[in-house]
Engineer: 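I have a structure I would like to understand better, so I am pasting it below and will then ask my questions one at a time.
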Protein chains: 2
Amino acid sequence: MGEERPNLRWGVEQKLQFIEFRLFWEGHVNRSDLIEKFGVSPNQASGDLNRYIALAENNMIYDKSGKTYVRSSCFKPLFLKPDSTQYLAQIRSVAEGVVSPDDAWIGNLPVFDATPAPARGIDPIILRSIVIAIRRVEAIEVLYQSMSAQDPEWRWIAPHALAFDGFRWHARSCCEKSGQYRDFVISRIMDTRQTRAPQKQAMFDIAWEEVIELAVGPHPELSAPQKRAIELDYGMQNGRVSIPVRRALLYYALKRLGLDTEPSARKPQDQQIILLSDPNLSQGASSIGGGIR
Amino acid sequence: MGEERPNLRWGVEQKLQFIEFRLFWEGHVNRSDLIEKFGVSPNQASGDLNRYIALAENNMIYDKSGKTYVRSSCFKPLFLKPDSTQYLAQIRSVAEGVVSPDDAWIGNLPVFDATPAPARGIDPIILRSIVIAIRRVEAIEVLYQSMSAQDPEWRWIAPHALAFDGFRWHARSCCEKSGQYRDFVISRIMDTRQTRAPQKQAMFDIAWEEVIELAVGPHPELSAPQKRAIELDYGMQNGRVSIPVRRALLYYALKRLGLDTEPSARKPQDQQIILLSDPNLSQGASSIGGGIR
DNA sequence: TTGAACCACCCAAAAAGTGGATGGATACGG
DNA sequence: CCGTATCCATCCACTTTTTGGGTGGTTCAA
């Protein structure tokens, strides 16, 4: 079995990975797949397929009747670790238009849909200026539509991290007007202007650094099989799972998990999970509630 | 200005795109960046950088003092359309471990975190068998932990689509026991067995095909600036936005949008949005509530 | 002034890829 | 049963890409 992996060029490695990806997920590869995906000649595609066979002898055989290379029963991936998350992320990327079906490695996309995340498009120039300010540890002047001011206002912020709350992207920043760390919703930034050194960079963003462990369990009023199903969903052990959350993101995490309302607001089957006592919670939730500007 | 784009080989095109990606987002590229990312020799990297200059003359200049190629002021992308969604999706992919930092094109990753989505890992073999059943329009026997049965049970389902509810992945399937279309949570599938032709494939999955327009607006008790901020977040026009949702996913969509509880369950600032009357809603919600098994 | 860290360029040789041509195996429709 | 279409394999000469070994230039900082 030729299972050595010689030093291959990047392009060759990519093609071999592609062959293996298709073999695992679809069960077969064609010469024409390589031709379409990498724009090579039929000639070269033949060569690459045979190169793969030379390197991973028992993984693939040519099915003359099916006119295609098929995964053999003793297939063992050599260039790729099969990963569901990766496969599913690719489906989502295609559905969101981030990746064109031509660039995706999945050949035969299953029918797919997702609950809509009405994420407004972010101007790449604005996002870039924020990212650069984070990298350079600078303050940047942004035209921001806050929840309190009537119209968008120019204000100085010193961003230090990006955060995603499940819907929107935030720039975790020190607001130089109040001197406090807040979340600025990136889609509410209408424009950016100049940058300069931050006013007081010694201060720590404590709510960002502090990590709270959220103990979650199935709703106690569920039946035993219902509890078991929920435990499976969340990967719970002994009826509980511990979810680490930055305190700065606690408000959003609770909202996303559906734990931001009274337990009575939903039926147990809809609520599904509950918090298993969290000492920091009441303190954290109240001090975070006004964190968004 | 040499702005023709000759037929380039796939590998070359990739490298030029990488150069442009780095130029746009980071503002600079090095020969060493190409060397690390594509494993080429310093020699070749020089060649590729000069090839880029030859093709996009005014986009990049060498800064001798900074010892790096920098984006010129009149930069115009030629091989890539800058896209925030793509950039942010890449950050998330790296954070989730889907893409290793070495494979990501972003050189200097900003500090980042997200609200946790406790998505349990899915066995790629199980996912593959579901995807194949969808593609082949087959029924498949799965060992499923339902919400009603005490222990996992073998049952036949005929899946036809994948769905993502914001947390979990579902296989939208015809349950051959009840003859009805339901959502099967993929992480609750413990194992799969044989496949066969589906029992009655003539039946349509009406709840899947039917698309409901969800009219959403800012919470009426918010102040005018607060409303304006929310309108920005969701891209609303004239205080409303219409979100299309398959009826099969309506239950999850409402949950994700925080619209599955009484409006009084949260303060207006936390609720943020409300439904602007939906005639199909009451009917839809009740008939979907039990859709998950 | 010296070394380090960049980059440019020249050369011969290997590897990757193209285009054209020939041929084999299989399936499908008349 | 025959012709045709569709896969793939292989040989050839040729081009492009890439490597490796050089040599040298510029800038910065110690």
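The chains referred to below are lettered A, B, ... by the order of the sequence lines, with proteins before strands, and numbering in each begins at 1. Side-chain atoms are counted along with the backbone in the values below, which use heavy atoms only and exclude waters and symmetry mates. Everything numeric in this text was worked out from a predicted model, so none of it was measured.
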Engineer: Hey, are the side chains of B/Ile106 and B/Val94 touching, using non-hydrogen atoms and a 4.5 Å cut-off?
Structural biologist: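 Answer no - side chains too far apart.
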Engineer: Sequence neighbours excluded and cut-off under 3.5 Å, please list the side-chain donor-acceptor pairs for residues 60-67 of chain A, or say none.
Structural biologist:
unit_1  : atom_1 : unit_2  : atom_2 : d
A/Asp63 : OD1    : A/Ser65 : N      : 3.0
A/Asp63 : OD1    : A/Gly66 : N      : 3.1
A/Asp63 : OD2    : A/Gly66 : N      : 3.3

Engineer: Let me know the distance between OH of A/Tyr62 and P of D/dC7, rounded to the nearest Å.
Structural biologist: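 Distance, rounded to whole Å: 9 Å.
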Engineer: For the pair made of CD in A/Gln14 and P in C/dA16, what is the distance, rounded to whole Å?
Structural biologist: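 My rounded result for the distance is 15 Å.
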Engineer: For every nucleotide of nucleotides 25-30 of chain C, 5' to 3': is a protein heavy atom under 4.0 Å from its base (B), only from its sugar-phosphate (S), or from neither (-)?
Structural biologist: SBS---
Engineer: Can you confirm whether or not the ring centre of B/Trp25 sits under 6.0 Å from the ring centre of B/Tyr87?
Structural biologist: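 Ring centres of B/Tyr87 and B/Trp25 closer than 6.0 Å.
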Engineer: Give the nucleotide from the list D/dC7, C/dC7, D/dA9 with an atom nearest to the side chain of B/Tyr69.
Structural biologist: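 Output: C/dC7.
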Engineer: Has A/Arg31 got a side-chain N or O lying under 4.0 Å from the OP1 or OP2 atom of D/dC8?
Structural biologist: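 A/Arg31 to D/dC8 OP1/OP2: side-chain N or O found under 4.0 Å.
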Engineer: Looking only at side chains, do B/Arg182 and B/Gln180 share a donor and an acceptor under 3.5 Å apart?
Structural biologist: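 Side-chain D/A pair, B/Arg182 to B/Gln180: present.
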Engineer: Find the distance A/Leu34:CG to D/dA9:P and express it as a whole number of Å.
Structural biologist: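 So the two atoms are 11 Å apart, to the nearest Å.
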Engineer: In whole angstrom, give the distance that lies between atom CD1 of A/Ile35 and atom C1' of C/dG19.
Structural biologist: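 Result: 13 Å.
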Engineer: I'd like a table of atom pairs between the protein and nucleotides 13-16 of chain D - only N or O on both sides, under 3.5 Å - with the distance next to each one.
Structural biologist:
none

Engineer: Roughly, in whole Å, what's the span from CG in B/Leu8 to P in D/dT17?
Structural biologist: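 Value for this atom pair: 8 Å.
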Engineer: Counting C-beta onward and ignoring hydrogens, is there a side-chain heavy-atom pair between B/Phe79 and B/Phe18 closer than 4.5 Å?
Structural biologist: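 A side-chain contact under 4.5 Å is absent here.
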Engineer: I want to check one thing: is the phosphate of D/dC7, taken as OP1 and OP2, less than 4.0 Å away from some side-chain N or O of A/Asn30?
Structural biologist: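 So the side-chain polar atoms of A/Asn30 never come under 4.0 Å of the phosphate oxygens OP1 or OP2 of D/dC7.
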Engineer: Please round to the nearest 0.5 Å and tell me the distance separating atom CH2 of A/Trp154 and atom CE of A/Met190.
Structural biologist: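 Between A/Trp154 CH2 and A/Met190 CE, I get 10.5 Å after rounding to 0.5 Å.
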Engineer: Do A/Arg155 and A/Val142 touch side chain to side chain, with heavy atoms closer than 4.5 Å?
Structural biologist: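 A/Arg155 reaches A/Val142 side chain to side chain.
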Engineer: Strictly below 4.0 Å, heavy-atom distances to any atom of DNA chain D: list the hits from residues 38-49 of chain B, or just say none.
Structural biologist: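 Within this stretch, B/Gly39, B/Val40, B/Ser41, B/Asn43, B/Gln44, B/Asp48 sit under 4.0 Å of the strand.
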Engineer: Pair up each side-chain donor or acceptor in residues 46-54 of chain A with any protein partner under 3.5 Å, not counting sequence neighbours, and list the distances.
Structural biologist:
unit_1  : atom_1 : unit_2  : atom_2 : d
A/Ser46 : OG     : A/Arg31 : NH1    : 3.0
A/Asp48 : OD1    : A/Arg51 : NH2    : 3.1
A/Asp48 : OD2    : A/Lys15 : NZ     : 2.7
A/Asn50 : ND2    : A/Ser46 : O      : 3.1
A/Tyr52 : OH     : A/Glu20 : OE2    : 2.5
A/Tyr52 : OH     : A/Asn59 : ND2    : 3.1

Engineer: Under 3.5 Å, side chain of A/Asp83 to main-chain N/O of A/Thr85, donor-acceptor pair present?
Structural biologist: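 Yes, A/Asp83 side chain to A/Thr85 backbone: donor-acceptor pair under 3.5 Å.
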Engineer: Taking atom P of D/dA9 as reference, at what distance in whole Å does atom OH of A/Tyr52 sit?
Structural biologist: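 Interatomic distance, OH of A/Tyr52 to P of D/dA9: 15 Å.
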Engineer: Mind checking the CZ-NZ spacing from A/Phe24 to A/Lys76? Nearest 0.5 Å is all I need.
Structural biologist: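 Separation between the atoms: 13.0 Å.
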Engineer: When the distance from CG of B/Asp33 to P of C/dA5 is rounded to whole Å, what number comes out?
Structural biologist: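 After rounding, the reported distance stands at 16 Å.
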Engineer: Listed by chain and number, what are the side chain to side chain donor-acceptor pair (under 3.5 Å) partners of A/Arg136, not counting sequence neighbours?
Structural biologist: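 In terms of side chain to side chain donor-acceptor pair (under 3.5 Å), with neighbours along the sequence ignored, A/Arg136 is linked to no residue.
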